[in-house]
Amino acid sequence: MEKGLISVDRWADGSQVYFLTHLHSDHTQGLSSTWAKGPLYCSPLTAKLFPFKFPNFGLSLLRPLHTNSWHSLSLISPSSASKTLLQVMLIDAHHCPGAVMFLFRGEFGCLLYTGDFRWEANSERAKRAKTMLIDALQGDVVDTLYLDNTYCNPSYVFPHRDIAAQQIVDIIASHPEHDVIIGIDTLGKEDLLLYISRALNVKIWVWPERLQTMHLLDFHDIFTTNTTLTRVRAVPRYSFNINTLEGLNSMRPTIGIMPSGLPWVLKSLEGDETLFGSLLTSRYNKRKWSANSGTGPDKLNGVERFHKYIYSVPYSDHSCYKEIQEFVELIQPTNMKGIMSSSSCYVDPLYYFGRFSRADQPSQRLHDQHESKEGGKRDLAFRGKSYLGSGDVLEAKRKRGGIAKVNILGVRLSRVSALRRFRRGAKIGECDCHD
DNA sequence: GCGATCAGCT
DNA sequence: CACAGCTGATCGC
């Protein structure tokens, strides 16, 4: 990017200004508290949450911009070396708290970078955002659409989040004597937890750092770190597995719920072999499949009981295929690129939506995601995962263990990790766990 | 000792 | 596969 002007969710050298769509880790790789490459623009909510993730970040470089209005930035044109004006508007992506799309106007034309987004047909928030976007465009053509193509395949079919949330409430209500754990990430799915809390009139347990995040998000009273106050706990997704559930069930009857657009892949208890692997070759089949082969599918509207303790519910913060299609039909961009471009799973949106773009592009670009050959559009760097070759040479199996662990409700932490958490302000010693 | 980065894993 | 992200190891300072 020697001629770089702007970067979105990408943190290499060479751009004059940087933009962050939201605070999930796969979009902040390369960012650190020692950042000094240039101003970083984001939504006001992302800016509020930002210091929690990057405690010593130089706040003079953090530039929150309000959504739904144009902002002008004066930059130096990479081509003419003279001043050039960049206009940007932030639009609600309804993905996780603070998540936005960026609409750019400048000498390069008009670009729309969606970041991760979910715009459901029945969502008032999405309708408002859509109106903002259309009004902002004022009939202008989007030259390049950088699109959240996470679920850009017709096999990805899942319901609106309010439907999936009610499915989860129903599962919990049908297990009145059970504890419930729900797998979540460091940010996102707060609306789901809020819905559960209101529908069942329960508080929700979260781990200490997550409670801090909830307070930053102005959620008070609903969430607690006291396990005696509720039977419903939201736990880090990475701590959520069959072994965790088996262990919890040796103490109390407990079910686990995985809200995800992706189906859950079971691992054997030995952790080595994927169960039912031969049947999980297509995502469509995976959603169809029930692990309980002896008694037939235990499945309702996308909800699956993968395991006697575990439910997978299709609650997704990314748009499903149909929603992506509707978005592309709405924008009708001249050109399009997927922002999720790991080499093994990249699906070029043009493959499915080329007919909705203004240019009649052949689908030959299916695996051409890494290079932009249209000279004028090279100003925008976009996120792409770097891929090393198979560097497994000399890679000996490292011995695990030998390190003391502290256990927080199935969350296994090394001392190093506990220290990291402590530095970030978590008071692990005050976490009243019941195991 | 610390931060940045990477492989590995879920 | 991989939504997003943790863990532990290594390396350079």
Side-chain angles (χ1 to χ4, degrees), chain A residues 9 11 22-35 53-57 95-96 99 116-118 148-153 155-156 158 161 164 183-189 207 209-210 235-244 258-268 271-272 274 276-287 312-320 339-347 383 385-406 408 410-421 423-424:
Chain A
D9 292 352
W11 313 103
H22 67 288
L23 271 173
H24 280 157
S25 290
D26 53 334
H27 294 253
T28 61
Q29 269 183 30
L31 260 185
S32 75
S33 293
T34 59
W35 175 259
K53 196 173 176 96
F54 300 102
N56 299 310
F57 192 94
H95 170 68
C96 71
D116 293 348
F117 81 101
R118 181 149 197 204
D148 176 8
N149 57 325
T150 304
Y151 293 129
C152 190
N153 183 302
S155 67
Y156 287 122
F158 37 75
R161 279 173 286 193
I184 62 168
D185 292 315
T186 55
L187 192 63
K189 305 218 163 55
W207 62 102
E209 293 147 292
R210 199 59 160 95
V235 303
R237 194 175 55 180
Y238 69 86
S239 75
F240 189 116
N241 55 44
I242 292 174
N243 292 337
T244 309
M258 280 302 297
S260 171
L262 277 180
W264 221 59
V265 177
L266 287 181
K267 296 283 186 172
S268 70
D272 233 352
T274 301
F276 321 116
S278 63
L279 291 165
L280 297 176
T281 49
S282 94
R283 295 175 191 286
Y284 183 72
N285 283 340
K286 273 184 275 185
R287 272 273 175 240
S312 172
V313 183
Y315 186 103
S316 171
D317 285 328
H318 293 270
S319 295
C320 65
I339 62 172
M340 211 194 71
S341 59
S342 90
S343 64
S344 53
C345 67
Y346 181 81
V347 177
R383 181 170 62 102
K385 292 172 182 167
S386 70
Y387 242 75
L388 304 173
S390 54
D392 51 339
V393 195
L394 299 178
E395 188 56 47
K397 289 284 175 200
R398 297 194 183 96
K399 291 266 184 183
R400 304 274 181 198
I403 295 171
K405 310 249 184 174
V406 352
I408 299 178
V411 186
R412 292 168 66 73
L413 301 170
S414 70
R415 277 190 189 130
V416 173
S417 168
L419 190 59
R420 282 177 190 159
R421 283 162 183 258
R423 281 202 214 98
R424 296 214 303 261

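The chains referred to below are lettered A, B, ... by the order of the sequence lines, with proteins before strands, and numbering in each begins at 1.
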Within this structure, what is the CE-to-C1' distance between A/M258 and B/dT10, rounded to whole angstrom?
10 Å
If I take atom CH2 in residue A/W11 and atom C1' in nucleotide B/dA4, what distance separates them, rounded to the nearest angstrom?
17 Å
Distance check, rounded to the nearest 0.5 Å: A/I184 atom CD1 versus A/W207 atom CH2?
4.0 Å
Ignoring backbone atoms, establish whether A/H24 has a side-chain N or O less than 4.0 Å from OP1 or OP2 of C/dA4.
yes
Let's see if you can work this out: which of C/dA4, C/dC3, C/dC6 has an atom nearest to the side-chain heavy atoms of A/S260?
C/dC3
With sequence neighbours excluded, residues passing salt bridge (Lys or Arg N to Asp or Glu O under 4.0 Å) with A/R118:
A/E120, A/E323
Can you check whether any acceptor in the base of C/dC3 is under 3.5 Å from a donor in the side chain of A/R237, or vice versa?
yes
Roughly how far apart are A/D26 CG and A/D9 CG, rounded to 0.5 Å?
8.5 Å
When the distance from CZ of A/F57 to P of B/dA4 is rounded to whole Å, what number comes out?
12 Å
Rounded distance in Å - CG (A/D26) to P (B/dT5):
17 Å
Would you find a donor on one side and an acceptor on the other, under 3.5 Å apart, between the side chain of A/H24 and the backbone of A/L187?
yes
At less than 4.0 Å, is any side-chain N or O atom of A/H95 found next to OP1 or OP2 of C/dC3? Yes or no.
no
Value in whole Å for how far the C1' atom of B/dG3 lies from CZ of A/F54:
13 Å
Verify the contact: side-chain N or O of A/T34 to OP1 or OP2 of B/dA4, cut-off strictly under 4.0 Å; return yes or no.
yes
How many whole angstroms separate atom CG of A/L187 from atom P of C/dG5?
8 Å
Euclidean distance, A/T150 OG1 relative to A/Y156 OH, rounded to 0.5 Å:
9.0 Å
Suppose you measure atom C1' in B/dT5 against the same atom in C/dC3; what distance do you get, rounded to whole Å?
23 Å
Atom CZ of A/F158 to atom P of C/dC3: distance rounded to whole Å?
12 Å
Please check the phosphate of C/dA4 (OP1 and OP2 only) for any side-chain N or O of A/S25 closer than 4.0 Å.
no
Classify the side chain of A/T150 versus the base of C/dC3 as yes if they form a donor-acceptor pair under 3.5 Å and no if they do not.
no
Could you tell me how far apart A/L23 (CG) and C/dC3 (P) are, to the nearest whole angstrom?
18 Å
